[in-house]
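These notes concern the structure reproduced below.
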Amino acid sequence: MTDSEVRVRVAPSPTGDPHVGTAYQALFNYAFARSRGGKFILRIEDTDRARSTPQSEAAILEALGWLGLKWDEGPDIGGPHGPYRQSERAAIYREHVQILLDQGNAYRCFLSREELERMRAEQRDKGLPAFKDLEGRQRPEEESRRRAEAGEPFTVRMKTPLDGECVIDDLLHGEVRKDWASIDDQIILKSDGFPTYHLANVVDDHLMGITHVIRGEEWINSVPKHLELYRFFGWKPPVFCHLPLLRNNDKNRSKLSKRKNPTSILYYRRAGFLPQALLNFLGLLGWSMPGEEEKFTLEEMIAAFRLEDINLGGPVFDVQKLKWLNGRYIREDYDAAGLRRELEKWAINPETLEKILPLAQPRLMTLSDWGYLTAFFFADEVPLDPQALELKGRSDEDLARLFQIAVWKLEALRDFRSETLEALFAELAEQAGLKLRDLTRPFYVALTGRSAATPLYQSMEILGSDMVRMRLRRAIDALGGLSAKKLKALEKEFASRR
RNA sequence: GACCCCAUCGUCCAGCCAGGUCAGGACACCAGCCUUUCAAGCUGGGAACACGGGUUCAAAUCCCGUUGGGGUCGCCA
């Protein structure tokens, strides 16, 4: 590693589906690294022990690999600055927290969650902008250590300046100023002994030799904290570059969310999009080729790429344009044999067919029944007849709520197999006070577009988690949708019952 | 609400930094052509510089304000 070598990273958190926003960040990091002859690193930020799962991590690697964004160092292939999974770096973070504690640049905070909540509420009333544990900041080290050793739970907070101004320099945004008084004493070590994002991120970026931090704009407000950590440790901070956030195609243009759009990369694969088309489309958001070409390869993008050319307005993720581009790839880049190979890679292959065949066979009068019977396995959207989409004795809204609860349960399901799905639906039926058969009927309609089809749980397994959840969300919309308010109430109810 | 960011057709971009072409392209939409149908393709059309001040001979472009939108304000990342 030379001083001048560019090193960038994408650092997703394995807490759910691999998000197209992650792909977007990864693409621009990748293009920048390649355009400068540098390295692109994948780091897994799994310090949230409650929400991180190995399944999600595997899905992220799978999704980025499918897109063809090859990382030079990462959790699966290692590298000179590993490990690349933060949960395996706990000792490193504790060491660094100890340094800050010894310097007096961090302090233990013994406030309970309840006390914190109360104090925050008080502060809000007084109009104070940020939280700093003034008592904790002044507590003599001896007393602090004694209480910790006595087993009293604590977190560690960094000491941020009480006043003055912090000026950050962003490659795209230029100078951005923030008052230190508006920045709280960020917790850097949680009571479970794991670091928070801010500490782990700074320590790893330094130790891994990251030269440019290219990430979503949601982070721009926490740069002062990060700069202060670099200063505490005596490290040279990297160049910061905050990219616009992808937006929903709704009235408000809010941050891209799965409630309003498909956001899982794996969904797009299952729906029949080509990785090069998805990448190309992402490259069109906030950036363009010098000649305004719409269709270009990754290599062409890299050759023309300049970070400073990125447009700062948050782009709407418009599936319609993605479909048009994808269509161009299919029409222009393949002959019949090539297209056949893509179809095989996608779903028309012996492995998939052999899963469907045993489900279809008992239901075939003629071989030609096959097409109609199994079409929904090879589709993205399925026709939704509002008449057929109903649950006897329940309102449309009730059914929408049931679909939503199913979506949440499916999200939490770690292995998406017919056996576990069966158990999940049995539980759902019981909770809803419904006979299983009555409950599943509308699910057939939502997932297959018909009231009769191949067996539900096996069919769901073949469709896959991403496609199933997407079709259920579309069914919710077809039923009139759930307002944000109702959704929030339902979520609360759902969380309390688990 | 406080703070931060942003602002060109319905959507994605070009033009802005180094003020001076009827504001250009693409998606979507509409019409026509082609075609047994559909798709594709071709041709044409409608469609934007958020608003108000300033600087200037001249402002989409520079400055200020307003409005609008987004983000952040977690022992999530």
Side-chain angles (χ1 to χ4, degrees), chain A residues 11-16 19 21-22 43-52 86 109-113 116-117 120 123-131 153-157 165-166 168 170 172-184 186-201 215-225 242-256 281-295 308-328 330-332:
Chain A
S13 183
T15 54
H19 201 278
T22 303
R43 183 172 71 222
I44 297 294
E45 307 225 329
D46 57 348
T47 53
D48 183 345
R49 300 317 293 153
R51 294 199 303 146
S52 297
Q86 291 188 329
C109 173
F110 295 94
L111 265 15
S112 70
R113 286 166 206 262
L116 272 173
E117 202 170 313
R120 280 218 181 83
Q123 285 209 306
R124 235 194 327 269
D125 292 345
K126 282 191 224 157
L128 294 173
F131 178 79
F154 65 90
T155 60
V156 177
R157 289 178 186 276
E165 191 185 53
C166 176
I168 76 170
D170 184 280
L172 287 171
H173 296 267
E175 285 190 355
V176 178
R177 290 153 197 282
K178 293 275 296 178
D179 286 332
W180 278 115
S182 73
I183 291 160
D184 45 37
Q186 182 62 47
I187 290 180
I188 53 174
L189 194 74
K190 302 182 251 186
S191 54
D192 67 0
F194 275 84
T196 56
Y197 171 87
H198 306 277
L199 191 270
N201 196 264
R215 80 243 280 189
E217 205 177 75
E218 58 206 310
W219 293 110
I220 201 163
N221 284 313
S222 40
V223 174
K225 295 169 188 173
H242 290 85
L243 265 29
L245 260 20
L246 266 25
R247 311 284 187 92
N248 287 313
N249 193 11
D250 61 358
K251 197 179 170 232
N252 305 335
R253 306 279 112 108
S254 50
K255 179 162 94 165
L256 191 65
F281 172 69
L282 256 11
L284 248 20
L285 303 180
W287 187 81
S288 61
M289 289 289 272
E292 293 187 63
E293 297 88 348
E294 302 270 333
K295 182 168 172 245
E308 51 274 43
D309 289 339
I310 290 169
N311 181 327
L312 291 176
V316 169
F317 189 96
D318 178 14
V319 183
Q320 218 150 21
K321 186 150 185 177
L322 169 59
K323 281 189 178 172
W324 164 79
L325 236 199
N326 202 67
R328 275 194 67 180
I330 288 177
R331 290 191 299 274
E332 297 172 8

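To find a chain, count down the sequence lines: A is the first, B the second, and so on, and within it residues start at 1.
The CG atom of A:D309 sits 9.5 Å away from the CG atom of A:L172 when rounded to the nearest 0.5 Å. Atom CG of residue A:D48 and atom NZ of residue A:K190 lie 5.0 Å apart, to the nearest 0.5 angstrom. Taking CZ of A:R247 as the reference point, atom CG of A:L285 lies at 12.0 Å (rounded to 0.5 Å).
Comparing B:rC16 with B:rA23, their P atoms are spaced 16 Å from each other, to the whole Å. Nucleotides B:rC51 and B:rU61 place their P atoms 10 Å apart, quoted to the nearest Å. For the C1' atom pair drawn from B:rG41 and B:rC34, the interatomic distance equals 8 Å after rounding to whole Å. As rounded to the nearest Å, B:rA48 and B:rC13 have C1' atoms that lie 13 Å from one another. Between the P atoms of B:rG70 and B:rU8, the separation comes to 15 Å (whole Å). Taking atom P on both nucleotides, B:rG15 is separated from B:rG32 by 36 Å, rounded to a whole Å. For B:rC33 and B:rA50, the C1' atoms lie 39 Å apart once the distance is rounded to whole Å. Here the separation of B:rC30 from B:rA47, taken at their C1' atoms, is 11 Å to the nearest Å.
A salt bridge is defined here as a Lys NZ or Arg NE, NH1 or NH2 lying under 4.0 Å from an Asp or Glu carboxylate O, and A:K321 with A:D318 fails to meet this definition. A salt bridge between A:E294 and A:R328 is absent, with no side-chain N of the basic residue lying under 4.0 Å from a carboxylate O of the acidic one.
Within 4.0 Å of A:L282, counting heavy atoms only, lies no atom of the nucleic acid at all. Within the nucleic acid shown, A:S222 has no heavy atom closer than 4.0 Å to any nucleic acid atom. A:K323 comes within contact range of no nucleotide atom at all, as no heavy-atom separation falls under 4.0 Å. A:S191 comes within 4.0 angstrom of a nucleotide base, judged by non-hydrogen atoms across all strands. Among the heavy atoms of the strands lying under 4.0 Å from A:Q320 are primed sugar atoms or P, OP1, OP2 only; no base atom is included. Within 4.0 Å of A:E45, counting heavy atoms only, lie sugar-phosphate atoms of the nucleic acid but no base atom. Using a 4.0 Å heavy-atom distance criterion, A:G327 is classed as making no nucleic acid contact. Contacts of A:R331 with the nucleic acid, taken as non-hydrogen atoms under 4.0 Å apart, involve only primed sugar atoms and P, OP1 or OP2. Within 4.0 Å of A:R177, counting heavy atoms only, lie sugar-phosphate atoms of the nucleic acid but no base atom.
For A:E293, the side-chain contact (heavy atoms from CB on, under 4.5 Å) partners at least two apart in sequence or on another chain are A:M289. Residues satisfying the ring-ring contact (aromatic ring centres under 6.0 Å, His included) test with A:H19, not counting sequence neighbours, are none. Applying the side-chain hydrogen bond (donor to acceptor under 3.5 Å, both in side chains) test to A:E45 and every residue at least two apart in sequence or in another chain returns A:R43, A:Q86, A:N201. In this view, A:F131 satisfies the ring-ring contact (aromatic ring centres under 6.0 Å, His included) rule with no residue, not counting sequence neighbours.
On the nucleic acid side, RNA chain B has its first and last nucleotide under 4.0 Å of a heavy atom of chain A at B:rC3 to B:rA77, going 5' to 3'.
Residue order along RNA chain B, read from the 5' end via each residue's closest nucleotide, puts A:S182 first among A:S182 and A:E292. Mapping A:Y197 and A:D184 onto RNA chain B by nearest heavy atom places A:D184 closer to the 5' end of the strand.
Consecutive Watson-Crick or G-U pairs involving RNA chain B, each under 3.5 Å on both distances, make up stems of three or more pairs at B:1-7 with B:67-73, B:10-13 with B:24-27, B:29-33 with B:41-45, B:50-54 with B:62-66.
Test A:L246, A:L256, A:L282, A:L284 against A:P315 for side-chain contact (heavy atoms from CB on, under 4.5 Å) and you get one pass: A:L246.
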